[in-house]
Amino acid sequence: MLATTGYTQQPTHVQSLPDRVSHMGDSDIEAYVNTRLDRGLGVEEHDRMGLLIMTRGSLVLPIIEKRIEQILKSSNPRDCFIDKNVNPDSFIALAASSISWAGDLSAMRELSKLVVIDEKRFGTLVGPTLYTAANKGNPFVVAYGGLSIGNPGLDRRILEWI
């Protein structure tokens with residue numbers, strides 16, 4: 001519905017960010033996340049990505065984790081981005097830390113894959129994931145779920161946190 005205000009028409013109802021995100025289908029979310037990752041996770045879409053991570057983590061987190069692996073395996077990591085000015089190491093740090101924002105078992109599963117690749121680099125994110133889980137409720141559900149994955153590096157980090 002549009003309201004006429006002088007020379008222009010203004011929408012009388014503008015959807016909030018959570019409303020827009022809640023109405024996105026899985027394919028829309030996948031396309032959006034891949035587009036953001038192609039461009040290097042710029043600050044301008046930080047809120048929407050964070051909201052997607054928090055509300056649709058089981059869909060979004062595997063996409064982020066796969067992109068990190070792709071960059072780590074690439075002989076020329078800058079080729080993984082549309083914007084060739086993206087710093088791959090900064091991108092990896094931000095993308096990996098964004099996984100921990102979810103603070104749930106889905107985050108722990110994706111971190112487990114990264115810990116296998118480089119425990120020193122990615123193992124430090126286990127603690128923040130569990131602290132986020134603590135802020136959301138019972139972190140031990142996530143911790144025990146993480147232990148059930150069977151990744152020795154992940155287990156070590158979870159037990160250090162406990």
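Because the structure is predicted, anything quoted here is derived from the model rather than measured. All values below come from the heavy atoms of this structure, side chains included, with hydrogens, waters and symmetry mates left out.
The number of heavy-atom neighbours closer than 6.0 Å to NZ of K84, taken from other residues, nucleotides and ligands shown, is above 12.
Taking CD from E110 and CG from L105, the interatomic distance works out to 10.0 Å, rounded to the nearest 0.5 Å. One distance of note links OG of S58 with CZ of R109; it measures 9.0 Å at 0.5 Å rounding. Atom-to-atom distance recorded for I63:CD1 and R36:CZ is 14.0 Å, nearest 0.5 angstrom. How far CG of N85 is from CZ of R78: 7.0 Å, rounded to the nearest 0.5 Å. Taking CZ from R67 and CG from L72, the interatomic distance works out to 12.5 Å, rounded to the nearest 0.5 Å. Interatomic distance, CG of D104 versus CD1 of I99, reported as 11.0 Å (0.5 Å rounding).
Heavy-atom minimum distance, F122 versus L114: CD1-O, 3.3 Å. Here the shortest heavy-atom pairing between G146 and D155 reads O-OD1, 3.9 Å. I158 and L147 get closest at one heavy-atom pair: CD1-N, 3.7 Å. For the pair I71 and P88, the tightest heavy-atom approach, listed with the atom from each and the gap, is CG2-CB, 4.1 Å. When all heavy atoms of A102 and L61 are compared, the closest pair comes out as CB-CD1, 3.7 Å. Considering every non-hydrogen atom in both I162 and A143, the closest pair reads CD1-CB, 4.2 Å.
Under 4.0 Å is where a charged nitrogen must lie from a carboxylate oxygen, and between K66 and E69 no such pair does.
Looking at heavy atoms from C-beta onward, K113 lies out of side-chain contact with N151 at the 4.5 angstrom threshold. Using a 4.5 Å heavy-atom cutoff, the side chains of F91 and C80 are not in contact. In this structure, the side chains of T124 and R157 come closer than 4.5 Å at one or more pairs of heavy atoms.
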- Query: Could you walk me through whether R121 and I92 pass the side-chain contact (heavy atoms from CB on, under 4.5 Å) check?
  - Reply: CA-CA 10 Å; R121 185 175 194 175; I92 289 170; 3.6 Å; yes
- Message: Using side-chain contact (heavy atoms from CB on, under 4.5 Å), reason through V126 and M108 one step at a time and then give a plain yes or no.
- Response: CA-CA 7 Å; V126 172; M108 201 59 76; 4.2 Å; yes
- Task: Any chance you could lay out the side-chain contact (heavy atoms from CB on, under 4.5 Å) test for I64 and I53, step after step, and finish with the verdict?
- Result: CA-CA 10 Å; I64 296 171; I53 288 166; 4.0 Å; yes
- Task: Determine, stepwise, if the pair M49 / L94 fulfils side-chain contact (heavy atoms from CB on, under 4.5 Å).
- Result: CA-CA 12 Å; M49 281 295 287; L94 178 60; over 6 Å; no
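A distance-only check finds no donor-acceptor pair linking the side chain of S74 to the backbone of Q70 [under 3.5 Å].
Transitive grouping of hydrophobic side chains (ILVMFWY, heavy atoms separated by less than 4.5 Å) keeps Y144 and V141 in distinct clusters.
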